[in-house]
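When a residue number appears, it is its place in the shown sequence, counting from 1. Remember, predicted model here, so these are calculated numbers, not experimental data.
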Amino acid sequence: MSDDRTPGGNPEAEEEWGGAPVPAEAREGASEPVEPAPTGRERLARGLWPPRVNRNQLTVALLLFVLGLGLAVQVRSTSENSPLRGARQEDLVRILDEVDSRTERLEAEKRKLENQRSELENSSDQAEEARRQTRERARQLGVLAGTVAAEGPGIRMTVDDPAGAVKPHMLLDAVQELRAAGAEAIEVNDVRVVASTHFTDSDDGIRIDGREVSAPYRFEVIGEPKDIEPALNIPGGVVQTMEKEQATVSITRSEKIVVDALRSAERPDYAQSPSQ
């Protein structure tokens, strides 16, 4: 009995491939053309498309989409609620001028303080120079504290409120806007306005530091008129807010405003100078 794996067997089985018998399937496939290896460009294209996305990548993409959508909604809402939206070009220019004016005032104050320091350092009699600056500073603080009368250029603002719609917070907003615009002394209906001034409701009008006042509300303000008046008239500002409540606001500039309503100097009960 012969064995096909022996030299005496089937001659087709005697063909070897690397020293081993070659199966019939291999001999048949050898006659077919061999597919060429893919190029680098083809391998790159196959790696990129179709995309292979796993669960983590889908989660990150979803989170980024939600975050972007939230930011877009927030930006749109802020833009729509901005008081400057739809403002005229001249109003925007006025606001920009107001910002520039505030910057100039801060720079002027900085230069003033630097000059005082220089004078104090270069004075031959530093003690006398220090006393002079102390007296000047005390006068300025007296004006700010309302214990000293003041006069100078400024504005007069009258708020007529026949409907009684002007509220305490509106007058407080006006005072804050005036201070931001560089007002140095403010008086409202013969009441001196200082840092501790507060506005409250009353039965017949508004109370300022506990003193009842009624419309029309008359503001006497000392400061640079060209800075103060535009600050009150900016879009969405003090004047526009009051006029929406049917109040009438008039502003006039003057080279001499007198603020002579005084407040008594109050000695603090607890706060003391470190030197005491």
Side-chain angles (χ1 to χ4, degrees), residues 83-84 87 89-157 171-188 191-197 219-239 251-263 265-266 268 271-276:
L84 300 181
Q89 182 176 2
E90 52 267 29
D91 293 333
L92 297 177
V93 172
R94 186 189 307 166
I95 295 173
L96 182 59
D97 291 341
E98 171 63 18
V99 174
D100 292 338
S101 297
R102 293 185 183 184
T103 303
E104 291 176 0
R105 290 196 299 272
L106 292 175
E107 290 292 340
E109 181 67 18
K110 176 184 176 182
R111 290 192 298 269
K112 182 179 179 181
L113 294 175
E114 289 175 346
N115 291 337
Q116 290 179 353
R117 183 185 64 182
S118 178
E119 291 175 359
L120 184 59
E121 292 174 348
N122 299 330
S123 175
S124 57
D125 189 348
Q126 294 186 358
E128 179 60 29
E129 179 64 24
R131 284 192 292 269
R132 185 190 69 80
Q133 292 190 13
T134 300
R135 290 192 296 269
E136 177 65 19
R137 187 60 177 169
R139 186 191 67 80
Q140 295 174 357
L141 293 176
V143 172
L144 297 176
T147 59
V148 177
E151 66 176 43
I155 67 160
R156 291 185 178 91
M157 181 173 72
L171 298 184
L172 178 59
D173 290 343
V175 169
Q176 292 176 336
E177 190 63 49
L178 289 168
R179 286 172 173 164
E184 298 176 351
I186 305 173
E187 178 181 310
V188 182
V191 179
R192 188 70 170 266
V193 177
V194 295
S196 61
T197 295
F219 287 73
E220 303 283 335
V221 184
I222 295 178
E224 181 58 62
K226 69 179 181 63
D227 295 334
I228 296 176
E229 184 178 1
L232 297 173
N233 286 304
I234 62 174
V238 172
V239 173
I251 301 175
T252 57
R253 300 186 185 188
S254 177
E255 292 299 323
K256 184 179 181 180
I257 298 290
V258 177
V259 176
D260 53 6
L262 302 180
R263 300 177 68 96
E266 298 179 359
Q272 295 183 350
S273 172
S275 60
Q276 296 180 354

Partners meeting salt bridge (Lys or Arg N to Asp or Glu O under 4.0 Å) with Glu177 (sequence neighbours left out)
Arg102

Please name all residues satisfying salt bridge (Lys or Arg N to Asp or Glu O under 4.0 Å) with Glu229, sequence neighbours left out, ordered by chain then number.
Arg253

Can you confirm whether [X] sits close enough to [Y] that some side-chain heavy atom of one is under 4.5 Å from a side-chain heavy atom of the other?
{"X": "Val188", "Y": "Ile186", "result": "yes"}
{"X": "Phe219", "Y": "Val175", "result": "yes"}
{"X": "Leu262", "Y": "Thr147", "result": "no"}
{"X": "Ile251", "Y": "Asn233", "result": "yes"}
{"X": "Ile222", "Y": "Ile155", "result": "no"}
{"X": "Met157", "Y": "Leu232", "result": "yes"}
{"X": "Ser196", "Y": "Arg263", "result": "yes"}
{"X": "Glu187", "Y": "Ile257", "result": "no"}

Please report the interatomic distance NZ(Lys110) to CG(Asn115), rounded to the nearest 0.5 Å.
12.0 Å

How far does CG of Asp227 sit from CD of Glu104, to the nearest 0.5 angstrom?
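One gets 7.5 Å once the value is rounded to the nearest 0.5 Å.
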
Please say whether more than 12 non-hydrogen atoms of neighbouring residues, nucleotides or ligands are located less than 6.0 Å from CD in Glu114.
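Check passes, neighbour count above 12.
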
Correct closest heavy-atom pair for Ala149 and Asp260 would be CB-CA, 4.0 Å

For the student: nearest non-hydrogen atoms of Pro225 and Pro230, plus distance:
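Between these two residues, the closest heavy atoms are O-CD, 3.9 Å.
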
Say whether, by atom type as modelled, one donor and one acceptor occur between the side chain of Glu224 and the main chain of Gly182 under 3.5 angstrom.
no

side-chain contact (heavy atoms from CB on, under 4.5 Å) involving Thr252 - partner list, sequence neighbours excluded
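Thr252 satisfies side-chain contact (heavy atoms from CB on, under 4.5 Å) with Arg156 once adjacent residues are dropped.
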
